[in-house]
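Reckoned from all heavy atoms, side chains included, excluding hydrogens, waters and symmetry mates. Counting starts at 1 for both ligands and their atoms, following the listed order.
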Amino acid sequence: MVDTTISLPVTATTTAPAANEDKWSSQMYSKHASFVPALGAPVVQLLAPQTHERILDLGAGDGILTLDLEKQCQSVVAIDASADMIEAARRNGCRDAQVVDGHDLVDHVELANGQFDAVFSSAALHWMKKDPVRVIQGVHKCLKPGGRFVAECGGYMNVAEVRTGLHWALKKRGYNPEEYDPWFFPGVQTYRKMLEEQGFRVESIELIPRLTKLNTDVAGWIDTFGFSFLKPFEGDKEERKKVIDEVQANLPFSEDDGVWHIMYQRLRFKAIKA
Ligand SMILES: C[S@@+](CC[C@H](N)C(=O)[O-])C[C@H]1O[C@@H](n2cnc3c(N)ncnc32)[C@H](O)[C@@H]1O
């Protein structure tokens, strides 16, 4: 086991990552996290796209699920805050992929005009932590009356072991992990209330535990998704690696099949614009 003793925090300072800083790498995403879109099929099924429909994919990433939607409906607009991910989505063949932050959707002249039959989102909403209510308001404005918002994101207790490990590693080094934690993992009651208060009727909402097999290892996962926590160590590659290795070393490795897993907890819902 790696040493986990907490030395008394010398309050370390560094700037927490700006919300609009693009730290996403489509290359790392396809190497370490192609399981994410691969596990998105149940959300697509819940959406049940129709051939005549116009759909908005919010937080589309490199567009793997967008392409799947494109085959099933009239048109899809893929939006994502990361320019690198949108570039990849275009390279992968998405017809309409645009760099748009979910928080800005509500003021978007072309998209927030009540023209979409459905808004779809997979594995993205929990990254929109700055103002999740504003994101829901944006989705509402994009939809036609009766349109549906179908999504899955990280929910309460998602990736709890890794998140705790990262908090521990930062605290131990004198940083306040809350400042670097980029995730909003709501429970059912919280998110239902948020949807209802913004004018949605919730048809279904549930938390789904999912033991998730990784492409590579926990270190690769942290390298891909943990960039916000690693911000204090950007200028110190050795310390950055030490943090990643330390978190992985304190997690159990499955001996059953020799593959790394992380316990995910998904929040999946279908809501209708009332
Ligand atoms: C785990 S990926 C999921 C991508 C894709 N939906 C999939 O299933 O493969 C999360 C995506 O959310 C995007 N994202 C994060 N914050 C965002 C924001 N504020 N607005 C729009 N997209 C955001 C990231 O750039 C990233 O592409």
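- Between the side chains of Asn215 and Ser34, at least one donor-acceptor pair of N or O atoms lies under 3.5 Å.
- Between atom 16 (N) of ligand 1 and the options Trp127, Tyr29, Phe35, the minimum heavy-atom separation is to Trp127.
- Residue contact check for ligand 1: Val100 places a non-hydrogen atom closer than 4.0 Å to it.
- Heavy atoms of Ser122 approach ligand 1 to within less than 4.0 angstrom.
- Applying side-chain hydrogen bond (donor to acceptor under 3.5 Å, both in side chains) to Thr66 and the options Asp57, Asn92, Asp96, Asp80 leaves one that passes, Asp57.
- At a threshold of 4.0 Å, the pair Asp101-Lys130 does not count as salt-bridged, since none of the basic side-chain nitrogens sits closer than that to a carboxylate oxygen.
- Here the closest heavy-atom approach between residue Phe200 and residue Lys273 is recorded as CD2-N, 3.7 Å.
- Considering backbone and side-chain N/O of Ala123, none are found under 3.5 Å from N/O of ligand 1.
- In terms of N/O distances under 3.5 Å, ligand 1 is not approached by Ile79.
- Within the 4.0 Å heavy-atom criterion, the part of Ala60 lying near ligand 1 is the backbone and not the side chain.
- For atom 14 (N) of ligand 1, the nearest non-hydrogen atom from the set Asp104, Asp80, Asp57, Leu39 belongs to Asp80.
- Residue Leu65 has at least one heavy-atom neighbour below 4.0 Å for each of these atoms of ligand 1: 8 (O).
- Using a 30° and 60° split on the angle between ring planes, Phe269 and Phe149 fall in the perpendicular class, above 60°.
- Inclusion of Ala124 in the set of residues having an N or O under 3.5 Å from an N or O of ligand 1 is not warranted.
- Aromatic ring pairs are classed by plane angle as parallel below 30°, tilted from 30° to 60° and perpendicular above 60°; the pair Tyr180 and Tyr175 is perpendicular.
- Listed by number with element, the atoms of ligand 1 under 4.0 Å from a non-hydrogen atom of His103 are 19 (N).
- Contact check on Glu238 versus Lys241 returns no salt bridge, with no Lys/Arg side-chain nitrogen under 4.0 Å from an Asp/Glu carboxylate oxygen.
- Within the structure, the closest approach of Asp101 to ligand 1 falls below 4.0 Å when heavy atoms are considered.
- Taking a cutoff of 4.0 Å between a charged side-chain nitrogen and a carboxylate oxygen, Arg173 and Glu239 qualify as a salt bridge.
- Listed by number with element, the atoms of ligand 1 under 4.0 angstrom from any heavy atom of Met85 are 27 (O).
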